[in-house]
2 protein chains.
Amino acid sequence: MPGGTRATRRREVRVDGEDTIPMRRPDPDSPEGRGGAGIVVPAGPPSTGRAGLDRRRILGAAIEYIDRHGLAALTMRRLGAHLGVEAMALYRYVPGREQLLDGVVETVVDELYGDPEVHLRAAHGWQDYAQRLAHGVRRIALAHPEVFPLVATRPPAAPWVRPPLRSLRWIESFLTVMTDSGFSPEAAVAAYRAYSSFLLGHLLLEVSQKGVQITPEDAPEGVPDTGTDLGQYPLVVELEELLSRDESAAEFEEALENLLDRLESVRAEGRVPGERSE
Amino acid sequence: MPGGTRATRRREVRVDGEDTIPMRRPDPDSPEGRGGAGIVVPAGPPSTGRAGLDRRRILGAAIEYIDRHGLAALTMRRLGAHLGVEAMALYRYVPGREQLLDGVVETVVDELYGDPEVHLRAAHGWQDYAQRLAHGVRRIALAHPEVFPLVATRPPAAPWVRPPLRSLRWIESFLTVMTDSGFSPEAAVAAYRAYSSFLLGHLLLEVSQKGVQITPEDAPEGVPDTGTDLGQYPLVVELEELLSRDESAAEFEEALENLLDRLESVRAEGRVPGERSE
DNA sequence: ACCTGAACACCGTTCAAGT
DNA sequence: ACCTGAACACCGTTCAAGT
């Protein structure tokens, strides 16, 4: 099934299309004990190995914890317990909870760097690059639906750097490819903005449509929440089937292509994006 | 200056363009004491009137508090103090903090209903309607930059209803206008999705670019955070001036118009949005 | 060098009690 | 009917103390 037809001794490269939503584990380095303990273990015995605490391990555990139990469930004390340690021990590696979350965001975004689908820079032109980058970000969002909203929310490293391509590294990379491809500086920056707001909006919607359903805690409620009185909204009711249909992947593809087409016409005509095309 | 040239005995209708970012107060009903007490008053004397606690007043105070001090600063206890009451008194009107926040989101979104610029439905066609609605949402986002991320994050009333047009009311309205204007049900739903993800992405970026700068608490720090080593990112540095330039309003306009053009071509050709145009 | 115990100030939330 | 006081379990974070 995982049929690696290519010569892949390394890292399990995915070769299939973009629709599979792989949900791959963040890192192959989290020890991950036998773990048959059940699904809600707020204060059970430590499921992760003993000593050897360090920043990387803490961040990895935090991501895993959020993926599993939701952001609200992550407390310093519980994370400590999860790592087999008292909460206070974490402060040796992380200044506080806020910075922990910053680290979580940074780590998740940096997963892009290990993604071979993305990293062959502008081999086939800027559109190809932008496509691969966008799909890489989407893979991350879908792999960590509980973390992704943080990406949108946390203030970034530099004030003018905005989500979701938060890391300066990626922005540098994006801008480089664009300017090398004939975008003026103004056009490249405008393209960056349009691109990131597209990614942010689409992926936030998509992510909130999936996994996050109901609040992470009180899911087992029974009735699927008919608190609001439908019936004042006949059209919504009539179109419910369509409204709940999940076409995210196709919509992503189409909107992305449209955006890239628009950017291309800006580039080709040497305009600054604000201007009219004719 | 506020020159109401029209016959405006009611409600202070704004007549000017969309760029002014009015920051108007949420409601004219919050008593708002003399209020010269300074800007950070975490536990001062109650700034709002005495008895007469009710749900509306609580929600209004919560919004005001978030606008002023940031979301993280809002606790039940502080909100109680702000209202001149013990925290426990709030529980008579609101089931808990989470539901308080839901109420905040709902209230803020419902401000659209009091916006006369938006409410003259499809008088001039669906594009005009979609434009006014979008600008209405943008006004709200800019008026409550600290609240808006909640709009994006909170789970909505119905599972298939997604931010930022969270209220079923608005979705019903949008879908009605679209189908009345010749969109097929499929096209109307796809249009709704594209429209909301556009609004979400753009406004979240714009809002995070403004007011929210730094964390709400530790703003007075001195050095503007040069924690990260620039210089590995020459292009980012070179384009910093462009990157920090705020063209949000123009970008919003252009991207919105582009989206509407795209939707119009879908409508005119009677396609389902997924299909190719020729 | 690395972790813990005890402590502090502050949470959300409950419930019996006051008026 | 509406609010309060006291209490509970749980936070983030500090710091001196243990090993």
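Just the heavy atoms: all of them, side chains too, but no hydrogens, waters or symmetry mates, feed the values below. Residue numbering restarts at 1 for every chain, and letters A, B, ... go by the order of the sequence lines.
- Side-chain contact between Arg57(A) and Tyr93(A): absent, with no pair of heavy atoms (C-beta onward) separated by less than 4.5 Å.
- Listed pair Tyr93(A) / dC3(C) meets the phosphate criterion, a side-chain N or O lying under 4.0 Å from OP1 or OP2.
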Subject >> Glu146(A) vs His69(A), side-chain hydrogen bond (donor to acceptor under 3.5 Å, both in side chains): CA-CA, chis, key distance, verdict >> reply: CA-CA 9 Å; Glu146(A) 296 277 354; His69(A) 308 291; over 6 Å; no

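- When distances run from any side-chain atom of Leu53(A) to the nucleotides dC11(C), dC3(D), dC3(C), the shortest one goes to dC3(C).
- Comparing dT13(D), dC3(C), dG12(C) against the side chain of Met76(B) picks out dG12(C) as the nearest.
- To the nearest angstrom, C1' of dA9(C) lies 11 Å from CZ of Arg77(B).
- Ring geometry for Phe198(A) versus Phe252(A): interplanar angle under 30°, hence parallel rather than tilted (30 to 60°).
- Between the side chain of Ser173(A) and the main chain of Arg169(A), no donor-acceptor pair closer than 3.5 Å is present.
- Counting heavy atoms from C-beta outward, Leu101(B) and Leu71(B) have side chains that approach closer than 4.5 Å.
- The backbone N or O of Glu98(B) lies less than 3.5 Å from a partner atom in the side chain of Arg154(B), making a donor-acceptor pair.
- Taking atom CZ on Arg57(B) and atom P on dC2(D), their separation rounds to 14 Å, with Å as the unit.
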Original post:
Given Watson-Crick or G-U pairs with both distances under 3.5 Å, what dot-bracket string fits DNA chain D, with | for other-strand pairs and [ ] for crossing?
Top reply: ||.|||||...|||||.||

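- For Arg245(A), the side-chain hydrogen bond (donor to acceptor under 3.5 Å, both in side chains) partners are Glu241(A), not counting sequence neighbours.
- Gln99(B) has its CD atom 12 Å from the C1' atom of dG12(C), to the nearest Å.
- With rounding to whole Å, Arg55(B) atom CZ is found 18 Å from dC2(D) atom C1'.
- Applying the 4.0 Å criterion to OP1 and OP2 of dC11(C), one finds that Arg78(B) has a side-chain N or O inside that range.
- One can place CD1 of Ile58(A) at 8 Å from P of dC3(C), the figure rounded to the nearest angstrom.
- A salt bridge links Arg138(A) to Glu206(A): one of the charged nitrogens lies within less than 4.0 Å of a carboxylate oxygen.
- Smallest separation of non-hydrogen atoms from Leu243(B) and Tyr192(A): CD2-CD2, 4.2 Å.
- A straight line from CG of Leu83(A) to P of dT4(C) spans 11 Å, rounded to a whole angstrom.
- Between Ala89(A) and Leu74(B), the residue whose closest nucleotide on DNA chain C is further toward the 5' end is Ala89(A).
- Going from atom CZ of Arg97(B) over to atom C1' of dC10(D) covers 15 Å, rounded to whole Å.
- In this structure, Glu86(B) places its CD atom 15 Å from C1' of dC11(C), rounding to the nearest Å.
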Original post:
Which parts of nucleotides 14-19 of chain C does protein reach within less than 4.0 Å, heavy atoms only, written one letter per nucleotide 5' to 3' as B for base, S for sugar-phosphate only and - for none?
Top reply: B-----

